[in-house]
Amino acid sequence: MGDNINIGKVLDRECFKYNFTSSTSTSTAIATASDTSAQDGVIKEQDRLLPIANVGRIMKQTLPPNAKISKEAKETMQECVSEFISFVTGEASDKCHKEKRKTVNGDDICWALATLGFDDYAEPLKRYLHKYRELEGERATQNKTNTYENNLANI
């Protein structure tokens, strides 16, 4: 039964992905985020898709060194990963909108992944996010210490 809900969300997102005439809050959020590049509700392909060179580089990392990747394969993957990012981000954005927040954070992305059935990705991402925040906290503390020590040395 939960699968039907997610499928409905996919279909809803497909309806207004490129057409911003819908009054759905997510379409407004997507249109607002792309206002600089959106003209008459159309998003330029270069703004909608990840750079193909980056996609190809990521694909090559998992293949043997002598493997080749066709242009069609790169373009297909480019379309898929861009759609996946939009799908997950849209779900996270809906959550933020309901909670009257304007900023989507890492926890929202993890929540969206789990909600959409990507638990295998949500859990490792939560661990990564936790480690990232720990390191950022340590870096901030280190920077404060260095600044304090530099100020003392300049006195």
Practice item. Kindly write out the residues that satisfy ring-ring contact (aromatic ring centres under 6.0 Å, His included) with Y132, not counting sequence neighbours, or none if the list is empty. Key: none

Review point. What residues, two or more places apart in sequence or in another chain, satisfy ring-ring contact (aromatic ring centres under 6.0 Å, His included) together with F118?
Key: F84

Once rounded to the nearest 0.5 Å, what's the spacing between atom [atom1] of [X] and atom [atom2] of [Y]?
X    : Y    : atom1 : atom2 : result
W111 : C96  : CH2   : SG    : 9.0 Å
M59  : Q78  : CE    : CD    : 10.5 Å
K98  : S93  : NZ    : OG    : 10.5 Å
K126 : I109 : NZ    : CD1   : 13.0 Å
L113 : D119 : CG    : CG    : 9.0 Å

Check your understanding: Can you name the nearest heavy-atom pair linking A92 to A112, along with the distance?
Key -> N-CB, 3.8 Å

Study note, to complete from the structure: On a heavy-atom basis, the closest approach of A122 and A114 is CB-N, 3.9 Å

Exercise for review: Would you please name every residue forming a side chain to side chain contact (heavy atoms under 4.5 Å, CB included) with E99, sequence neighbours left out?
Suggested key: K95, R101

Check your understanding: Partners of L50 by side chain to side chain contact (heavy atoms under 4.5 Å, CB included), sequence neighbours excluded?
Key -> V55, V81, S82, I85

Review point. What side chain to side chain donor-acceptor pair (under 3.5 Å) pairs are there with at least one residue in residues 52-75, not counting sequence neighbours?
Key: N54-R57

Residues 133-140 side chain polar contacts: donor-acceptor under 3.5 Å, at least two apart:
| residue | atom | partner | partner atom | Å |
| --- | --- | --- | --- | --- |
| R133 | NH1 | D107 | OD1 | 3.3 |
| R133 | NH1 | D107 | OD2 | 3.2 |
| R133 | NH2 | D107 | OD2 | 3.3 |
| E134 | OE2 | H130 | NE2 | 2.9 |
| E136 | OE2 | R139 | NH1 | 2.7 |

Exercise for review: Could you state whether Y121 and L129 fall into the same hydrophobic cluster, counting links through intermediate Ile, Leu, Val, Met, Phe, Trp or Tyr residues with side-chain heavy atoms under 4.5 angstrom apart?
Suggested key: no

Check your understanding: Are V88 and I58 joined in one hydrophobic group, where the rule is that I, L, V, M, F, W and Y side chains link up if heavy atoms are under 4.5 Å apart?
Key -> no

Check your understanding: Got a salt bridge between E83 and R48, using NZ or NE/NH1/NH2 to carboxylate O under 4.0 Å?
Key -> no

